[in-house]
Amino acid sequence: MFFHIVLERNMQLHPRHFGPHLRDKLVAKLMKDVEGTCSGRHGFVVAITGVDNIGKGRIRDGTGFVTFPVKYQCVVFRPFKGEVLEAVVTMVNKMGFFAEAGPVQIFVSNHLIPDDMEFQSGDVPNYTTSDGSVKIIKDSEVRLKIIGTRVDATEIFCIGTIKDDFLGVINDPGAAA
């Protein structure tokens, strides 16, 4: 799920950047440092939408660097247990498959895939229904439900299932061939 939140961060800036474009340099450094990162508490920072306040800088003794407290608004993505997502399959093996929904990687075990789907090894490993009508291969789009998350300091791991109503393959790249 996406949230729009306010965060605060202390930014260090080298004295060579001081001048009329100090604010622009701080905002550019903030975007470079923060966008695309993950914190276990808030989730993945997708984009910075605005800078609310840049406080007074404090000179660090001995280095000349200045630390500015910056308050900014950003959009974050944090998956929750029970959430239904659409994801792209990145790898298929006999244990299950991995899929990505934006920055988060989700593992779906073979025990959480419907019983009528079986693993087929070969050139293109896949899970196929007994009648061959539905295949899960690399680059398939699937709708899945998150049944568990594990949060580290800089990463979020998820376990998902497609063994439920209205879940499964929504776009099969192999069908177009």
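It should be emphasised that the depicted structure is a prediction, and the values quoted were computed from it without experimental measurement.
- In this structure, His21 places its NE2 atom where only 12 or fewer heavy-atom neighbours from other residues, nucleotides or ligands lie under 6.0 Å away.
- In this structure, Lys32 NZ and Thr37 OG1 are separated by 12.5 Å, a value rounded to the nearest 0.5 Å.
- Around atom CG of Asp115, no more than 12 heavy atoms belonging to other residues, nucleotides or ligands sit under 6.0 Å away.
- Atom NZ of Lys163 and atom OG of Ser109 lie 9.0 Å apart (nearest 0.5 Å).
- A 6.0 Å sphere centred on CG of Asn10 holds more than 12 heavy atoms belonging to other residues, nucleotides or ligands.
- Atoms CG and NE2, from Asp24 and His17 in turn, are 12.5 Å apart once rounded to the nearest 0.5 Å.
- Going from atom CZ of Arg143 over to atom CG of Asn171 covers 11.0 Å, rounded to the nearest 0.5 Å.
- Here the rule is side chain to side chain contact (heavy atoms under 4.5 Å, CB included) with Ile159, and of Thr149, Leu112, Val108 only Leu112 fits it.
- You'll find the side chain of Phe119 reaches within 4.5 Å of the side chain of Val92, heavy atoms only.
- Crowding of Ile59 atom CD1: a count of heavy atoms from other residues, nucleotides or ligands under 6.0 Å not exceeding 12.
- The shortest distance between side-chain heavy atoms of Val104 and Phe77 falls below 4.5 Å.
- Heavy atoms only, all atoms of each residue included: Pro79 and Glu83 are closest at CA-OE1, 3.4 Å.
- A cation-pi arrangement is found for Arg78 relative to Phe80, the charged atom lying closer than 6.0 Å to the ring centre and inside a 45° cone about the ring normal.
- With values rounded to the nearest 0.5 angstrom, Lys81 atom NZ is found 12.0 Å from Cys158 atom SG.
- Tyr72 is connected to Leu22 through a chain of hydrophobic side-chain contacts under 4.5 Å among Ile, Leu, Val, Met, Phe, Trp and Tyr, so both are in one cluster.
- In terms of heavy-atom proximity, Val88 sits nearest to Asp139 at CG1-CA, 4.0 Å.
- By the 30° and 60° cut-offs, the orientation of the rings of Phe18 relative to Phe68 is perpendicular.
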Inset, instruction - Take Ile156 and Cys38 through the side-chain contact (heavy atoms from CB on, under 4.5 Å) test and state the conclusion after the steps. - result: CA-CA 8 Å; Ile156 299 174; Cys38 175; 3.9 Å; yes
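- The minimum heavy-atom distance linking Glu35 with Ile48 is given by the pair OE2-N, 2.9 Å.
- Annotation for Glu118: atom CD does not count as buried by contact number, only 12 or fewer foreign heavy atoms lying within 6.0 Å.
- Heavy-atom neighbours of Met95 CE from other residues, nucleotides or ligands within 6.0 Å: at or below the threshold of 12.
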